[in-house]
Amino acid sequence: MKAGIVGLPNVGKSTLFNSLSNAKAQSANFPFCTIEPNIGVVNVPDPRLEKLESLVNPERVVPATVEIVDIAGLVKGASKGEGLGNQFLGNIRETDAILHVLRCFDDDNVVHVDGNIDPIRDKETIDIELQLKDLESVEKKMEKTKRAAKTGNKEAQREMSVLETLKTGLESGTSVRALTFSDEDRADFVKPMQFITDKPVMYVCNVDEGSAVKGNTHVDRVREAVKDENAEVLVLAVGIEADIAELDDYEERQMFLEDIGLEEPGAGKLIRSAYRLLNQQTYFTAGKKEVRAWTVKVGATAPQAAGVIHTDFERGFIRAEVIKYDDFVSYGSEAKVRDAGKLNVEGKEYIVQDGDIMNFRFNV
């Protein structure tokens with residue numbers, strides 16, 4: 001699971017990355033400070049793990065993680081190789097979701113590449129460059145498919161119809177994720193092309209400290225602009241988040257948060273939101289050796305969940321023993337859950353639910 005932080009230069013991408021990962025990506029007041037993409041593995045905050053730890057008392061606890069990539073700032077003309085365009089677009093193509101940072105604060109001391117603050121213009125600058133890159137991919141594919149379609153190949157004709165819809169949409173400034181296709185066409189022709197603008201996106205509005213709780217007029221404009229995109233908008237005072245990340249003492253962090261009117265660091269909210277954005281959920285294994293959170297796609301079957309631990313578990317899957325998290329907490333141990341008849345034995349068709357505590361039986 002990999003989410004890429006993108007945005008124009010100097011909008012707060014590297015500062016956000018630092019506060020998320022505690023890695024110290026260089027952060028400076030000039031464009032292209034981040035040349036190579038910085039990568040951080042970030043724990044997904046989950047209070048259920050702490051509760052399971054207190055009940056099981058394991059030797060170690062392993063949380064779920066999301067990989068966050070801080071990608072060099074993009075500028076107008078990136079689709080044609082301007083700035084670090086080609087490198088940027090290559091890095092973003094490798095991610096599963098996009099965290100698009102928009103500058104929603106005024107500060108004369110921090111340079112803006114276009115001279116003034118306008119998050120909608122900034123969003124459109126990046127959208128256009130990504131759409132142009134996807135359009136280039138569509139046009140290349142059309143050249144190859146057209147020849148087969150002319151010979152009467154039905155599959156090629158069907159693909160040409162999809163490509164024409166893609167071309168028309170992208171030329172009109174619509175991202176692939178907002179275009180409508182049948183499930184079959186999307187699976188057969190759209191998904192395999194891995195369009196950049198088909199990736200799920202979250203807009204992170206980087207605000208000043210005074211706007212951290214309720215946002216500001218810049219944020220209001222962003223919400224209005226993206227209301228039809230089915231995208232999440234998150235408000236973060238990225239500079240404050242970086243300050244919070246520097247504090248080692250838990251009580252100090254809580255006092256800091258209370259002073260500015262926040263219940264928890266925004267970084268935690270962002271990671272949980274990124275997890276949802278990637279359509280992920282958590283199941284647990286809980287034993288004396290280890291309590292661990294495992295990541296699976298929403299809708300995964302029991303064998304697929306077993307395969308996350310080891311491919312042999314999926315290949316030789318026999319059954320899964322499943323305890324609901326609330327039952328485990330209510331009864332206090334696996335043995336008591338068994339005695340109460342609350343442990344379910346599930347087969348290959350079982351769809352994993354978020355929070356399931358699972359044991360797998362397998363034979364290879």
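Heavy-atom basis, side chains included; hydrogens, waters and symmetry copies ignored.
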For the pair [X] (side chain) and [Y] (backbone), establish whether a donor and an acceptor sit closer than 3.5 Å, ignoring hydrogens and angles.
| X | Y | answer |
| --- | --- | --- |
| Thr145 | Met142 | no |
| Gln157 | Ala149 | yes |
| Asp96 | Lys2 | yes |
| Thr165 | Ser161 | yes |
| Glu321 | Arg319 | no |
| Lys13 | Leu8 | yes |
| Ser175 | Ala178 | no |

* List the steps, then state whether salt bridge (charged side-chain N to carboxylate O under 4.0 Å, His left out) holds for Glu136 with Lys140. => CA-CA 6 Å; Glu136 186 182 299; Lys140 283 180 182 172; 3.7 Å; yes
From [X] atom [atom1] to [Y] atom [atom2], the distance as rounded to the nearest 0.5 Å:
| X | Y | atom1 | atom2 | value |
| --- | --- | --- | --- | --- |
| Leu102 | Ile120 | CG | CD1 | 7.0 Å |
| Ile98 | Leu277 | CD1 | CG | 9.0 Å |
| Leu170 | Leu130 | CG | CG | 10.5 Å |
| Lys144 | Glu159 | NZ | CD | 10.5 Å |
| Leu166 | Thr174 | CG | OG1 | 11.0 Å |
| Phe256 | Asp243 | CZ | CG | 5.0 Å |

With the side chain counted from C-beta on, respond yes when [X] and [Y] share a heavy-atom pair under 4.5 Å apart, and no when they do not.
| X | Y | answer |
| --- | --- | --- |
| Glu94 | Val69 | no |
| Val66 | Gln280 | no |
| Leu52 | Ile357 | yes |
| Asp70 | Ile68 | no |
| Val101 | Leu236 | no |
| Thr217 | Arg221 | no |
| Val291 | Leu49 | yes |
| Arg147 | Thr151 | no |

Output yes when [X] and [Y] qualify as a salt bridge under the 4.0 Å nitrogen-oxygen rule, no when they do not.
| X | Y | value |
| --- | --- | --- |
| Asp354 | Arg48 | yes |
| Asp312 | Arg315 | yes |
| Arg338 | Glu334 | yes |

Could you pull out all donor-acceptor pairs under 3.5 Å where a side-chain atom in residues 192-208 meets a protein atom, sequence neighbours excluded?
residue: Thr197; atom: OG1; partner: Asp134; partner atom: OD2; Å: 2.7
residue: Thr197; atom: OG1; partner: Val176; partner atom: N; Å: 3.0
residue: Asp198; atom: OD1; partner: Arg186; partner atom: NH1; Å: 3.0
residue: Asp198; atom: OD2; partner: Arg186; partner atom: NH1; Å: 3.3
residue: Lys199; atom: NZ; partner: Arg93; partner atom: O; Å: 3.1
residue: Lys199; atom: NZ; partner: Thr95; partner atom: O; Å: 2.5
residue: Tyr203; atom: OH; partner: Glu229; partner atom: OE1; Å: 2.7
residue: Tyr203; atom: OH; partner: Glu229; partner atom: OE2; Å: 3.4
residue: Asn206; atom: OD1; partner: Val238; partner atom: N; Å: 3.1
residue: Asn206; atom: ND2; partner: Val11; partner atom: O; Å: 2.8
residue: Asp208; atom: OD1; partner: Gly210; partner atom: N; Å: 3.1
residue: Asp208; atom: OD1; partner: Ser211; partner atom: N; Å: 3.3
residue: Asp208; atom: OD1; partner: Ser211; partner atom: OG; Å: 3.3
residue: Asp208; atom: OD2; partner: Ser211; partner atom: OG; Å: 3.2

* To do: Identify, with sequence neighbours excluded, every residue that meets salt bridge (charged side-chain N to carboxylate O under 4.0 Å, His left out) alongside Asp188.
  =>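 Listed in chain order: Arg158.
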* **Those residues that, when tested against Glu224, pass salt bridge (charged side-chain N to carboxylate O under 4.0 Å, His left out) (two or more places apart)** =>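 Glu224 satisfies salt bridge (charged side-chain N to carboxylate O under 4.0 Å, His left out) with Lys227 only.
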Of all heavy-atom pairs between [X] and [Y], which one has the smallest distance, and what is that distance?
| X | Y | result |
| --- | --- | --- |
| Phe360 | Ala302 | CE2-O, 3.6 Å |
| Gly215 | Val235 | CA-CG1, 4.2 Å |
| Gly299 | Ile351 | O-CD1, 3.8 Å |
| Ala306 | Phe317 | CB-CD1, 4.2 Å |
| Arg121 | Ile117 | NH2-C, 4.4 Å |
| Ala305 | Val296 | CA-CG1, 3.8 Å |

Same cluster (ILVMFWY, side-chain, under 4.5 Å), [X] and [Y]:
| X | Y | value |
| --- | --- | --- |
| Leu234 | Val219 | no |
| Ile5 | Val233 | yes |
| Val298 | Met358 | no |
| Met255 | Val213 | no |
| Val345 | Phe328 | yes |

* In this structure, are over 12 heavy atoms from other groups packed under 6.0 Å from Asp259 atom CG? ->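 For Asp259, atom CG is crowded (more than 12 foreign heavy atoms under 6.0 Å).
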* **Where at least one partner belongs to residues 342-351, residue pairs that pass side-chain hydrogen bond (donor to acceptor under 3.5 Å, both in side chains), sequence neighbours excluded** =>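 Non-adjacent pairs meeting side-chain hydrogen bond (donor to acceptor under 3.5 Å, both in side chains): Lys324-Tyr350, Tyr350-Asp356.
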* Sorted by first residue and then second, give each side-chain hydrogen bond (donor to acceptor under 3.5 Å, both in side chains) pair with at least one member in residues 288-304; sequence neighbours left out. =>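 Listed by first then second residue: Arg60-Glu290, Tyr275-Thr295, Thr285-Trp294, Thr301-Gln304.
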* To do: Go through Phe284 and Asp46 one step at a time and tell me if the side chain to side chain contact (heavy atoms under 4.5 Å, CB included) criterion holds.
  => CA-CA 11 Å; Phe284 302 101; Asp46 194 331; 3.7 Å; yes
* Asked: Which residues pass the side-chain hydrogen bond (donor to acceptor under 3.5 Å, both in side chains) test with Tyr325, sequence neighbours left out?
  ->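 Tyr325: no side-chain hydrogen bond (donor to acceptor under 3.5 Å, both in side chains) contacts found.
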